[in-house]
Amino acid sequence: MDLNLMQRAYEIAKNGIGFTSPNPCVGALIEKGGIVVAESWHKVAGGPHAEVNAINELMKKSFVRSMEIDKTLFQNATLYVTLEPCCFHGKTPACTDLLLKAGFKKICIGTKDPNKKVNGKGIGILKKHGIEVEILEDKNLIEKLTELNQPFFKFVKCGMPYVILKAGISLDGKIATAKGESKWITSEISRNDAKNIRSKCDAVIVGGGTVKKDNPELGATEKYKNKKLLRVIIDQNLSVSLDAKVFRDENVFVACTDLASKKRKEEFKKNGIKFKSFGKKEISIKKLLLYLGAHGILSVFVEGGSIVFGKLYDSFLKEKNVLDKIIFYIAPKIIGGKNALPVIGGDGIDKLKNIHTLKNFISEKSGDDIKISGVFNVY
């Protein structure tokens with residue numbers, strides 16, 4: 001296996017970030033005679049997979065107009081693909097069928113697909129039909145490919161979306177003054193970076209207090225601006241004003257409790273706003289995440305406020321897979337004051353021996369701020 005070519009396939013796969021859910025991001029290229037003759041990626045859920053796109057690209061370059069595979073194009077050719085080819089019919093046919101028709105001499109695969117419908121079965125089918133299959137062994141590249149599809153890997157293993165907690169904070173860990181002022185603690189560069197990461201996710205979660213105070217739009221930006229980013233509001237009593245910007249269209253969902261009055265429920269129903277109770281008095285974060293996962297949400301971006309962060313972190317202390325990644329933008333500013341709002345509310349830990357340390361810790365500049373990120377879980 002040429003590691004440079006698998007690295008290239010990985011770079012190609014990243015083009016699909018933010019567009020392929022609930023499918024994984026996958027890149028593929030075809031090498032023949034030491035030359036890359038075609039490359040592509042999985043571009044959208046429900047559309048052709050990366051392998052199919054690469055094959056079609058080569059046929060297009062070769063001016064093959066027939067829908068039938070021209071095997072002469074793939075004789076002595078090697079396919080590099082970042083994820084094991086699927087072997088079942090879903091929204092698209094099984095990729096293994098097409099690969100067998102093409103007649104590749106060898107297929108290099110980055111990582112196995114943990115989906116129980118695949119998980120080595122695709123590799124087995126290819127080998128059974130005489131195709132040489134090589135699985136990537138380079139640890140550094142495997143780590144990159146694994147990181148690329150953490151939302152997909154987590155979902156197929158436990159049915160819940162990948163959860164990112166993001167906050168913009170002062171040097172002393174505050175997200176607002178004692179009077180509630182928070183605009184703006186971090187730089188515009190940091191805020192734009194956070195919006196870009198949010199846009200790559202399937203859903204964004206905020207608390208009702210954040211909606212009342214900031215009236216945010218919570219939309220996707222730049223090249224993602226047309227995607228349907230689900231806005232999830234945690235509001236125990238359904239107390240948020242229906243005139244808030246988050247209710248501008250139907251792509252919104254409210255998580256509440258049984259405390260919500262019949263009157264408010266009727267008002268939400270009348271306005272076509274979807275809601276559901278996830279507890280009698282307190283919202284169960286795990287039940288909410290399982291619900292979102294069951295509705296095709298593979299990644300969520302949690303960005304406010306202190307109460308929601310606290311609920312999420314306290315839930316994480318009980319069940320580790322409800323929170324996966326932290327992103328903090330830390331401004332070189334001190335707010336001070338015991339009544340200023342801390343970034344993480346809730347109960348927290350009582351003993352340092354119970355603390356959880358982030359893995360894959362990264363610190364980098366973000367305008368005038370420092371961007372800190374790390375993960376609790378690797379799937």
* Give a yes or no on whether Lys286 atom NZ has more than 12 heavy-atom contacts from other residues, nucleotides or ligands under 6.0 Å away. => no

Verify whether one side chain among Asp193 and Ser366 offers a donor that lies under 3.5 Å from an acceptor in the other.
no

If you count the non-hydrogen atoms of other residues, nucleotides and ligands that lie under 6.0 Å from NZ in Lys287, is the total more than 12? no

Under 4.5 Å between side-chain heavy atoms, counting indirect links through other Ile/Leu/Val/Met/Phe/Trp/Tyr residues: same cluster for Ile233 and Leu242 or not? yes

Hey, do the aromatic rings of Phe155 and Phe152 have their centres closer than 6.0 Å? no

- request: With the side chain counted from C-beta on, respond yes when Arg231 and Asn251 share a heavy-atom pair under 4.5 Å apart, and no when they do not.
  value: yes

Looking only at heavy atoms, the pair that brings Gln150 and Tyr379 closest together is OE1-N, 2.8 Å

Q) Judged by atom type as modelled, is there a donor-acceptor pair below 3.5 Å linking the side chain of Asp202 to the main-chain atoms of Leu298? A) yes

Distance-only polar pair, side chains of Lys121 and Thr96, donor-acceptor under 3.5 Å | no

Lys/Arg N to Asp/Glu carboxylate O, Asp258 vs Lys265, below 4.0 Å = no

Closest heavy-atom pair, Ser187 versus Gly367, reported as atoms and distance to 0.1 Å, is OG-CA, 4.1 Å

Would you indicate whether Lys276, at its atom NZ, is surrounded by more than 12 heavy atoms from other residues, nucleotides or ligands within a distance under 6.0 Å? no

Taking the six-membered ring for Trp, are the ring centroids of Tyr224 and Phe19 within less than 6.0 Å of each other? yes

* NZ of Lys157: more than 12 outside heavy atoms within 6.0 angstrom? -> yes

| message | Do Val302 and Leu323 make a side-chain contact, defined as non-hydrogen atoms from C-beta onward lying under 4.5 Å apart? | response | no

When rounded to the nearest 0.5 Å, the distance separating CG of Asp369 from CD1 of Ile330 is 9.0 Å

### Query
With the threshold set at 4.0 Å, does a side-chain nitrogen-carboxylate oxygen contact exist between Glu217 and Arg248?
no

- Task: Would you check if His89 and Asp97 make a side-chain contact, meaning some heavy-atom pair closer than 4.5 Å?
- Result: yes

Nearest heavy-atom approach of Arg264 to Ser239 is NH2-C, 3.9 Å

Treating Ile, Leu, Val, Met, Phe, Trp and Tyr as nodes and any side-chain heavy-atom pair under 4.5 angstrom as an edge, say whether Ile30 and Leu136 lie in one connected cluster.
no

What one should report as the nearest heavy-atom pair of Ile55 and Ala102 is CD1-CB, 4.5 Å

Any cation-pi pair here, Lys117 with Phe88, using under 6.0 Å and within 45°? yes

Of all heavy-atom pairs linking Leu126 and Ile107, the shortest is CD1-CD1, 3.7 Å

_Can you confirm whether more than 12 heavy atoms, excluding those of Glu137, are under 6.0 Å from its CD atom?_
no

Are any non-hydrogen side-chain atoms of Ile175 and Ser306 less than 4.5 angstrom apart?
-> yes

### Query
Between Glu11 and Arg8, is the closest basic N to carboxylate O distance under 4.0 Å?
no

Please state whether the rings of Phe253 and Phe278 are parallel, tilted or perpendicular, taking 30° and 60° as the class boundaries. perpendicular

Open item on the list: Tell me whether Glu303 contacts the main-chain N or O of Val206 through its side chain, where contact means a donor paired with an acceptor under 3.5 Å.
Closed with: no

I want to check something: taking the side chain as every heavy atom from C-beta on, are Thr186 and Arg191 in contact at a cut-off of under 4.5 Å? yes

Which of Leu141, Thr111, Leu145, Ile12 passes side chain to side chain contact (heavy atoms under 4.5 Å, CB included) with Thr82? It is Leu145

**Prompt:** Going through the checks in order, is the side-chain contact (heavy atoms from CB on, under 4.5 Å) test met by Glu84 and Ile109?
**Reply:** CA-CA 6 Å; Glu84 178 182 4; Ile109 296 172; 4.2 Å; yes

